[in-house]
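Single-structure report; data block below.
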Protein chains: 2
Amino acid sequence: MIAIGEASRQSGVGIETIRYYEREGIVPKPERAANNRRLYSLHDVGRLRFLRKCRDLGFPLADTKTLLDLSEGGSDDCQPVKELAEIHITNVRDKIGELRRLEAALSELTANCDSGNVSCPMLSKLRTAHGQ
Amino acid sequence: MIAIGEASRQSGVGIETIRYYEREGIVPKPERAANNRRLYSLHDVGRLRFLRKCRDLGFPLADTKTLLDLSEGGSDDCQPVKELAEIHITNVRDKIGELRRLEAALSELTANCDSGNVSCPMLSKLRTAHGQ
DNA sequence: TATAACTCCTGTAGCCACTACAGGATCAAG
DNA sequence: CTTGATCCTGTAGTGGCTACAGGAGTTATA
């Protein structure tokens, strides 16, 4: 059994984040030593690593919790996992599209923005009544 | 002079958001009618529209405030505008790259995730010790 | 004139997923 | 015995809104 700092190091999840996950009920309350310090098992560390990977993949915390429950549920049924992942990947693609539109709009706005320019074309475009 | 609801309609900025901008000092406190209701001029509406365009372009609110100040400052110097925009466009591109990596990782993870699968390959990959 | 429906006011809390303290207790090493 | 690392609880802050609650005033209709 290891302390929270070591569990943090081994899992890549920050100490404060581990405590936050505990408060939020994402992970079960760990054992406590006689001095009231949290004690984590290898299994607990594995769980934290699992959570970190889900979060790194951009899953919302609630989905991450669901995935963890599915993973520990034993059945390992693909169906609900697939659904969550597909919704998420759709969201990711939507965001990419949105950001690409942003990038294009910004490029266009700053196209004639030279350092030597006195009247800034970007500001004047932002001031016009167009674009709703 | 118009009320806040009309200013909201004309600018596309929500009523609560307008009041929030006022609290945060993004826009100056407007005139008040005898009944304590806020009164906005055409100039005020133009300012709100400017803010909305900046926000739609994804600029952080603080940058948006800076752009507004530059726009109203009179000098219309391109230099600081260009700098803000370039930092922002870099951030946007970074985010696009990050999301593309996410998309690829998710696609790979779910590649063999069929509805008929009993042991979910995505869950088992998330459980492995790899990937730090 | 009554009343309903609308708009406005202030102030506060919630969203997401942490992150950063403050203020204190305990522990290990020299 | 001191120093420094680690741990504890509890609270507040981040960004940029958004959603109330609870009340006051305004406008339109019966």
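So you know, we letter chains A, B, ... as the sequences are listed, proteins then strands, and number each from 1. In this text, all values refer to a predicted model and were calculated from it rather than measured experimentally.
- The nearest whole Å value for the distance from the NZ atom in B:Lys65 to the P atom in D:dG15 is 16 Å.
- For A:Arg38, no side-chain nitrogen or oxygen approaches OP1 or OP2 of D:dC7 to under 4.0 Å.
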Problem set entry | Contact state string [nucleotides 19-30 of chain C, B base, S sugar-phosphate only, - no protein heavy atom under 4.0 Å] | BBB---BBS---
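- Out of D:dC7, C:dT7, C:dA17, the shortest distance to the side chain of A:Ile4 is found at D:dC7.
- B:Tyr40 has its OH atom 14 Å from the C1' atom of C:dT7, to the nearest Å.
- At the phosphate of C:dC18, OP1 or OP2 sits under 4.0 Å from a side-chain N or O atom of A:Tyr21.
- Looking at A:Leu48 and A:Val27, their side chains come closer than 4.5 Å, going by heavy atoms from C-beta outward.
- Checked by atom type and distance alone, the side chain of A:His88 never pairs as donor or acceptor with a backbone atom of B:Leu106 at under 3.5 Å.
- A donor-acceptor contact shorter than 3.5 Å is absent between the side chain of A:Thr17 and the backbone of A:Val13.
- The interatomic distance linking A:Ile18 (CD1) with C:dC18 (P) rounds to 12 Å, in whole Å.
- Look at CD1 on B:Ile15: it is 8 Å from P on C:dT7, rounded to the nearest Å.
- Residue B:Lys29 contributes atom NZ, which lies 12 Å from atom C1' of C:dT10 at whole-angstrom precision.
- We find that NZ of B:Lys95 is positioned 13 Å from P of D:dG15, with the value rounded to whole Å.
- The shortest side-chain heavy-atom distance between A:Arg38 and A:Arg32 falls under the 4.5 Å cut-off.
- D:dG16 atom C1' lies 17 Å from atom CZ of B:Phe59, rounded to whole Å.
- Counting heavy atoms from C-beta on, the side chains of B:Leu102 and A:Ile89 never come closer than 4.5 Å.
- Within the structure, a side-chain polar atom (N or O) of A:Arg32 is placed less than 4.0 Å from OP1 or OP2 of D:dT9.
- In this structure the side chain of A:Arg52 never reaches within 4.5 angstrom of the side chain of A:Ser11, judged on heavy atoms.
- When rounded to the nearest whole Å, the span between CZ of A:Arg52 and C1' of C:dC18 equals 14 Å.
- Between the side chains of A:Thr66 and A:Asp69, not a single donor N or O lies within less than 3.5 Å of an accepting N or O.
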